[in-house]
Amino acid sequence: MSILVAPSMLSADFGNLDKDIDIVNNCGDIFHLDIMDGVFVPNISYGTPVIKAITRRAKRPVEAHLMIVEPQKFFKDYQSYGVGSISVHYETCLHLNRTVQQIRELGMKAGVAINPGTSVYLLEDIILEADYVLLMSVNPGFGGQRYIPESTEKIARLKKFIQQRNPKCFIEVDGGVNLQNAKEIKDAGADILVAGNAVFGSSNPSMAIQELREI
Ligand code: DX5
Ligand code: ZN
């Protein structure tokens, strides 16, 4: 199966959002929405009006990556806007199993995101319930950061673990993904590549998406 590309709208042109939404509609696989609260991560991104503007126009599945405390407060609203998948951070959820169930009960796919400093082995139990793991390859909070090289080995470790525990669970890699490192990330076992800067920072975003997919 060829790899899926999920452009991160954090790097889109917010003065001309429709144009960048249409690029993803035409060439991308998934809209990746980074929601930041300035508490869990040292940055605030965007909220409801922008999410609605994207879901209204989106012709591809939309996923929300919640880098916020108490993410469960927003599941119902996001579902009503048309978000199809939600990932929550392992580090923010005291009752992760319940939180994942809440997402699934609303008919959405549930992902568990982990920071670079969080071991994949902590996912041993929740991996049975999750539709995907979002492995952060930068410390969350900002687009355009450098890929942490050790992430590749971590993806391979996660892949092995997933094959034993729940082979249907996808691996999504997020942070610093570009044309130079996409091949090693794919070979290590990633199913979905998130790319912000590598897509919207490129002079030809459509081609960048295509090249990432064909890597
Ligand atoms: C970081 C976000 C990422 C990020 C990806 O906290 O979760 O989705 O915006 O952007 P690039 O590809 O520029 O690292
Ligand atoms: Zn993200």
Side-chain angles (χ1 to χ4, degrees), residues 3-14 17 20-21 23-24 27-47 50-51 54 60-69 71 74 78 83-92 103 109-118 130-152 154-155 170-186 190-205 207-209 211-213 215:
I3 204 149
L4 300 173
V5 180
S8 164
M9 302 310 286
L10 190 62
S11 299
D13 178 359
F14 286 88
L17 197 52
D20 286 349
I21 294 171
I23 288 172
V24 182
C27 308
D29 297 299
I30 301 166
F31 285 86
H32 183 86
L33 310 191
D34 286 304
I35 312 303
M36 305 177 182
D37 63 358
V39 178
F40 174 58
V41 291
N43 195 14
I44 294 174
S45 56
Y46 52 81
V50 173
I51 298 169
I54 295 171
R60 305 271 179 186
V62 177
E63 65 173 11
H65 172 196
L66 302 191
M67 289 160 274
I68 63 178
V69 298
F74 299 93
Y78 286 11
V83 171
S85 313
I86 289 184
S87 58
V88 294
H89 268 263
Y90 174 89
E91 301 85 2
T92 61
I103 298 171
K109 288 193 182 133
V112 175
I114 51 170
N115 281 342
T118 301
D131 295 296
Y132 60 104
V133 172
L134 187 156
L135 189 146
M136 289 299 309
S137 40
V138 299
N139 285 294
F142 302 92
Q145 300 184 78
R146 197 176 68 90
Y147 180 81
I148 297 173
E150 292 75 24
S151 308
T152 305
K154 189 174 178 183
I155 298 162
F170 273 41
I171 299 178
E172 177 169 35
V173 177
D174 186 5
V177 175
N178 57 39
L179 276 172
Q180 284 67 52
N181 56 27
K183 172 125 177 55
E184 66 172 66
I185 294 170
K186 181 185 175 185
D191 303 291
I192 306 167
L193 298 176
V194 176
N197 198 49
V199 169
F200 294 111
S202 147
S203 55
N204 188 339
M207 196 193 281
I209 294 171
E211 285 175 345
L212 282 169
R213 193 182 297 111
I215 206 92

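Just so you know, ligand 1 is whichever comes first in the structure, and atom 1 is the first atom listed for that ligand.
The shortest N or O to N or O distance between Met136 and ligand 1 is not below 3.5 Å. Considering backbone and side-chain atoms together, His65 places an N or O closer than 3.5 Å to an N or O of ligand 1. Polar contact check, Gly176 against ligand 1: a nitrogen or oxygen pair lies under 3.5 Å apart. In terms of polar-atom proximity, defined here as any N/O pair under 3.5 Å, Gly175 makes no such contact with ligand 1.
For atom 5 (C) of ligand 1, the nearest non-hydrogen atom of the protein is Asp174 OD1, 3.5 Å. Scanning the protein for heavy atoms near atom 1 (C) of ligand 1, the closest one is Phe142 O, 3.5 Å. Scanning the protein heavy atoms around atom 12 (O) of ligand 1, the nearest turns out to be Gly196 N, 2.8 Å.
Applying the 4.0 Å criterion to heavy atoms of Met67 picks out, from ligand 1, the atoms 6 (O), 7 (O). Of all the atoms in ligand 1, the ones that sit under 4.0 Å from a non-hydrogen atom of Ala195 are 12 (O). Near Met36, meaning under 4.0 Å from one of its heavy atoms, ligand 1 places the atoms 6 (O). Every atom of ligand 1 with a heavy atom of Val194 under 4.0 Å away is listed here by number and element: 8 (O). Of all the atoms in ligand 1, the ones that sit under 4.0 Å from a non-hydrogen atom of His32 are 8 (O). Taking every heavy atom of Gly144 and a limit of under 4.0 angstrom, the matching atoms of ligand 1 come to 11 (P), 13 (O), 14 (O). Close contacts between ligand 1 and Asn197 involve ligand atoms 11 (P), 12 (O), 13 (O) [criterion: under 4.0 Å to a heavy atom].
In Asp34, the part holding a heavy atom less than 4.0 Å from any atom of ligand 1 is the side chain. Counting heavy atoms under 4.0 Å from ligand 1, residue Pro140 touches it through both backbone and side chain.
Taking the N/O/S atoms of Asp34 in turn, the shortest distance to the Zn ion (ligand 2) belongs to OD1. Between the Zn ion (ligand 2) and the N, O or S atoms of Asp174, the shortest distance is to OD2.
Within the 4.5 Å cutoff, the side chain of Phe170 has no heavy atoms near those of the Lys109 side chain. Residues Phe74 and Ile35 are not in side-chain contact: their nearest non-hydrogen atoms beyond the backbone lie 4.5 Å or more apart. A 4.5 Å side-chain heavy-atom check between Met36 and Leu10 finds at least one atom pair inside the cut-off. Looking only at side-chain heavy atoms (C-beta outward), Phe142 and Val41 stay at 4.5 Å or farther from each other. Ile51 has its side chain within reach of Tyr78: a pair of non-hydrogen atoms, C-beta onward, lies under 4.5 Å apart. The shortest distance between side-chain heavy atoms of Asp20 and Ile23 falls below 4.5 Å. Using a 4.5 Å heavy-atom threshold, the side chains of Phe200 and Asp13 count as separate. Side-chain contact between Lys186 and Val173: absent, with no pair of heavy atoms (C-beta onward) separated by less than 4.5 Å.
The ND1 atom of His65 and the NE2 atom of His32 subtend an angle of 100° at the Zn ion (ligand 2), given to the nearest 10 degrees.
For the atom pair OG (Ser151) and CG (Asp174), the distance works out to 10.5 Å, reported to the nearest 0.5 Å. Atom NE2 of His32 and atom CG of Leu193 lie 12.0 Å apart (nearest 0.5 Å).
Under the 30°/60° scheme for interplanar angles, the aromatic rings of His89 and His65 are found to lie parallel.
Judged purely by atom type and a 3.5 angstrom limit, Gln145 has no side-chain atom pairing as donor or acceptor with the backbone of Gly175.
Residue contact check for ligand 1: Gly141 places a non-hydrogen atom closer than 4.0 Å to it.
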